[in-house]
Amino acid sequence: MSHHIVEAQDLQYTYPDGTVGLQGVSFRILHGESVALVGANGAGKSTLLLHLNGFLRAGNGNLRIGDYPLTPQNVMAVRRSVGMVFQDPDDQLFMPTVFDDVAFGPLNLGLPEAEVERRVQQALETVGVPHLQKRAPYKLSGGEKRAVAIAAVLSMSPDILVMDEPTSNLDPRSRSRLIQLLKTFEHTKIIATHDLDMALDVCERTIVLHQGRITADGPTRTLFQDAALLARSGLEKPLRMQGCPICADGEKTGVSPISHHR
Amino acid sequence: MAKIDSGFLDIGYMDTLAGGDSRLHRLDPRAKLVTTLVFIVAVVSFDKYALSALIPFFLFPMVLIAASGLPVRYLIKKVMIVTPFALLIGIFNPLLDREIVIQIGSIPISGGWVSFFSILIRFALTVTAALVLIALTGFNAVCMALEKLGTPRPFVVQLLFLYRYLFVLTEEAVRMVRARSLRSFRSGAMGFAAFASLIGHLLLRTLDRAQRVHLAMCCRGFDGHIRMIKPMHIGWREIVFTIGWSGLFVCMRRFNLPVKIGELMMGLMG
Amino acid sequence: MKLTDVVRIVPKHKLKIDHEGSHEFVCRIFVVFFLDRSRERRRVNREEQWEDLRMHMADALISPAVGGVMWAATAGLIGYSSKKVKEELDDRKVPLMGVMGAFIFAAQMINFTIPATGSSGHLGGGMILAILLGPHAAFLTMASVLTVQALFFADGGLLALGCNIFNMGFFTCFIAYPLIYKKIIAAGPTRGRILTGAILAAIVGLQAGAFGVVLETVFSGISELPFVTFLLLMLPIHLAIGLVEGLATAAVVMFIWKARPEIMRAAADSAPIGDLSIQKVLIGMLAAAVITGGMISWFASADPDGLEWSLFRTAGVEELQNPGDGVHASLTHLQEKTAILPDYGFKAADEEAKPEEQPPWPAVDPGTSVSGLVGGALTLLLSFCIGLFLKRRKVSIS
């Protein structure tokens with residue numbers, strides 16, 4: 001049984017104006033994995049994410065999510081199991097109150113009102129903002145908006161959580177709260193991010209994209225040690241791994257002591 | 001542009017006021033909406049020379065404000081801000097309508113002045129009533145009430161979305177205008193070419209945002225219908241409130257209470 | 001006196017979208033022209049800001065009859081547009097209308113200087129909405145923007161809202177856009193066609209709206225301004241405003257067209273006029289004209305001399321005070337010169353418009369009016385006391 005596997009085979013995508021988005025992307029993500037998607041701007045991260053919920057259709061190649069190969073007919077079913085959190089929470093919170101936003105998904109699924117209420121309360125408690133139910137979205141701070149956006153997706157009980165730059169524009173405390181929260185999720189997580197330190201914290205596996213191609217796919221800590229790989233892909237080491245004397249030692253001797261970086 | 005900021009913090013403040021907790025706040029929004037509509041219709045239905053008959057209508061906003069704890073000074077300030085325009089509307093009447101209609105002692109007062117003050121009073125009443133309605137109910141709840149009372153759904157949804165994105169877009173506009181003005185060395189409004197370009201860019205961003213919002217909606221299962229849970233409930237309180245006040249307004253409209261009271265006083269004083 | 005002293009289109013009031021109606025503007029013209037000899041600027045607020053001219057009607061100018069009729073028309077249009085929008089089955093419209101409405105709201109707050117006049121203008125937005133959303137969605141969007149303005153900024157008022165939505169929404173979205181702009185653009189958008197289409201459509205839409213304002217004000221009878229004078233003031237001004245609006249609309253449309261031509265293409269394809277044929281529109285307008293005409297003549301059938309007669313009787317005034325010089329005389333003179341229907345005079349008809357509401361007209365008998373003043377003062381005092389009492393009670397409870 002393909003238990004919520006996300007499988008891509010040689011995905012290719014070209015934008016209407018001719019720019020190439022993806023050039024043959026293949027990977028296989030198993031249930032429960034946390035995968036970080038990193039790459040320079042324009043590498044194709046957002047493009048790839050938009051394929052995962054059927055918004056963009058690959059010109060070539062196959063994409064399979066859970067039991068369904070992605071086709072126009074089962075897009076709605078796919079969207080039920082893939083919860084996507086976008087970069088700008090203002091785009092995701094479009095209802096009059098927080099409660100309405102979090103209830104939007106379950107109501108569209110056709111659930112009865114009592115069940116919807118239950119799910120909303122649960123989602124809001126999970127992200128830690130049940131007291132904001134009656135608030136209007138424009139009165140929320142950045143961190144609160146981010147939390148509500150996540151709750152709005154959680155209330156649909158997705159199997160796979162896809163997030164685009166979740167820590168951008170967050171103050172340090174909100175950011176660490178979010179990281180703690182993400183660590184508690186048991187869903188399959190695919191997180192596109194520039195925040196390599198967060199990737200180290202949350203995701204045990206990383207896929208590196210560069211100009212529409214995957215240049216690396218492996219354990220996060222190992223990948224982030226490889227300065228040459230990172231440089232090739234337009235990236236740098238995570239902040240907390242930069243200037244580390246033990247790593248520098250390791251590079252000289254050829255032995256990679258990765259365990260000291262949590 | 002700080003003025004726009006304050007203008008919008010203002011709208012936001014109304015929402016904060018609406019979040020208060022008094023018996024009036026807890027009333028079903030439909031009751032408050034219907035009562036306010038009856039009030040406004042009663043007030044505007046007077047003829048143009050009505051003056052004293054309008055006075056008792058001040059009871060409604062006064063009672064609501066007092067009983068719900070709304071900030072009086074703030075509301076009065078809001079009404080005062082728009083009053084100059086009523087003055088400008090009305091000032092024309094005394095200029096044109098010179099026919100003397102009453103004489104107080106030796107001072108003749110023309111119909112124009114009577115209708116001018118009538119306009120002012122009516123203006124104050126209707127504006128205050130609308131403000132109190134929003135301050136007690138909140139814009140979103142008023143829209144829900146409208147829908148329950150029969151307004152077509154697409155229009156109500158439109159009002160809700162407009163309100164939601166009002167703040168986002170004015171902030172964007174403020175940012176763009178501010179950025180531009182920091183780089184221009186003329187004072188005053190911008191030239192036409194700069195305006196067209198700025199508005200054009202704002203429009204493009206707006207269209208992009210609309211697309212992203214639509215995407216977010218689709219990702220959460222949007223199929224064309226907006227669904228919301230609306231816990232609204234009409235109880236005896238709402239009925240008493242609506243019927244009571246409406247009945248009072250009808251009485252105040254039919255009978256000129258101040259005249260009756262005045263006659264009573266004059267009679268008593270002999 | 002230069003023309004610019006009299007006809008001054010001015011920048012925005014401090015934080016709100018302007019809400020000075022044409023009536024205020026007319027007041028200002030007369031005040032500036034006739035009375036303000038020193039030509040000093042009129043202060044509207046503590047900031048020395050000038051107001052924009054707009055077609056907003058105000059509650060104070062509308063009689064309930066006119067307001068009710070216009071509200072009925074507007075409600076009908078909202079219902080019709082809602083149905084059409086639902087039928088279009090384009091679920092992208094839902095967020096697009098909301099966000100575009102917010103855009104128009106924000107855009108209206110941005111001023112630009114109009115070259116060669118030293119005044120400033122702003123974008124109305126109706127045409128842009130119609131071009132990008134189609135007539136039905138644009139109408140709903142315009143209506144929603146005006147509603148929010150009326151509720152939060154007292155822009156006109158709730159009774160006049162029906163008139164405002166009709167004046168500013170109907171003509172632009174259902175007449176000017178489909179019958180003028182679309183027809184001109186039909187052969188394919190080019191610079192010239194966009195420019196002429198936008199300007200013509202804006203002018204026609206605004207002229208029709210201005211005409212609507214005049215009709216509504218005059219039929220309400222609360223304002224003292226005679227019909228033809230008002231018309232002669234409104235139409236030329238709104239011609240200028242229409243020109244500016246058309247230019248601004250054309251500029252923005254051309255910008256979008258250059259930056260993202262696919263948007264214009266999509267707008268042109270997916271904005272159906274539907275089954276709005278010219279014949280239906282004309283029949284609808286004819287019907288409206290017949291109905292309103294009927295109403296007017298019903299009002300006018302009342303005794304036109306009623307006012308003078310009752311005044312004579314109640315106030316004991318031998319003859320009507322009518323100063324030989326000043327504003328009043330000039331206006332009467334003007335009216336006599338320009339009156340199309342000199343004997344009729346809309347004024348007289350209007351003052352008879354409310355016999356069913358209060359039997360004695362006007363209810364200003366000296367005896368009752370003194371009592372009225374006394375009673376009014378007492379009532380006010382009473383209300384104030386009740387308010388204070390409730391406030392004290394609330395404070396002591398909480």
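Order of the sequence lines sets the chain letters (A, B, ...), proteins ahead of strands, with each chain counted from 1.
Distance check, rounded to the nearest 0.5 Å: CG of B/Leu215 to CZ of C/Arg92 gives 12.5 Å. Here the CG-CD1 distance, from B/Leu203 to C/Ile104, works out to 8.0 Å after rounding to the nearest 0.5 Å. One distance of note links CE of C/Met109 with CG of B/Leu169; it measures 12.0 Å at 0.5 Å rounding. Atom-to-atom distance recorded for C/Phe152:CZ and B/Tyr163:OH is 4.0 Å, nearest 0.5 angstrom. Atom-to-atom distance recorded for C/Ile110:CD1 and B/Leu198:CG is 5.0 Å, nearest 0.5 angstrom. Put simply, NE2 on C/His122 and CD1 on B/Ile199 are 11.0 Å apart, with the number rounded to the nearest 0.5 Å.
Of all heavy-atom pairs spanning B/Gln158 and C/Gly101, the tightest one is NE2-CA, 4.5 Å. Across all their heavy atoms, C/Ile256 and B/Gly200 have their closest contact at CD1-O, 4.1 Å.
Both the backbone and the side chain of B/Val63 come within contact range of chain C, judged by heavy atoms closer than 4.5 Å. Neither the backbone nor the side chain of B/Phe60 comes within contact range of chain C; no heavy atom of the residue lies under 4.5 Å from a heavy atom of that chain. Contact of B/Leu160 with chain C is not made at all, since no heavy-atom distance falls under 4.5 Å. Proximity to chain C (any heavy atom under 4.5 Å) is restricted, for B/Ile134, to the side chain, taken from C-beta onward. Residue C/Ala137 does not touch chain B at all, counting heavy-atom pairs closer than 4.5 Å. When heavy atoms are compared at a cutoff of 4.5 Å, C/Met254 does not approach chain B at all. Residue B/Thr151 does not touch chain C at all, counting heavy-atom pairs closer than 4.5 Å. Neither the backbone nor the side chain of C/Ser81 comes within less than 4.5 Å of any heavy atom of chain B. Residue contact with chain B, scored on non-hydrogen atoms closer than 4.5 Å, involves the side chain of C/Ala259 exclusively.
A 4.5 Å side-chain heavy-atom check between B/Pro152 and C/Lys83 finds every atom pair outside the cut-off. Taking the side chain as every heavy atom from C-beta outward, B/Met14 and C/Leu151 never approach each other to under 4.5 Å. A heavy-atom distance below 4.5 Å is not found between the side chains of C/Phe139 and B/Phe155. A 4.5 Å side-chain heavy-atom check between C/Thr113 and B/Phe192 finds every atom pair outside the cut-off. By the 4.5 Å heavy-atom criterion applied to side chains, B/Thr126 and C/Leu159 are not counted as neighbours.
Tested against B/His214 for a side chain to side chain contact (heavy atoms under 4.5 Å, CB included), the candidates C/Leu96, C/Asp91, C/Val94 yield a single pass: C/Asp91.
Most heavy-atom pairs under 4.5 Å with chain C, from the set B/Leu133, B/Val142, B/Leu162, B/Leu207: that is B/Leu162.
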task: Report the C-alpha separation of C/Ile263 and B/Leu204 in whole Å, then their side-chain angles, then the decisive distance to 0.1 Å, and conclude whether the side chain to side chain contact (heavy atoms under 4.5 Å, CB included) test is met.
output: CA-CA 10 Å; C/Ile263 296 180; B/Leu204 284 179; 4.2 Å; yes

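Listed by chain and number, the residues in a ring-ring contact (aromatic ring centres under 6.0 Å, His included) with B/His201 are C/Phe255 (sequence neighbours excluded). When the salt bridge (charged side-chain N to carboxylate O under 4.0 Å, His left out) test is applied to B/Arg205, the partners found at least two apart in sequence or on another chain are B/Glu172.
Between C/Phe112 and B/Phe195, the ring planes lie tilted relative to each other; the angle falls in the 30° to 60° range.
Between C/Phe103 and B/Tyr165, the distance from one ring center to the other does not fall under 6.0 angstrom.
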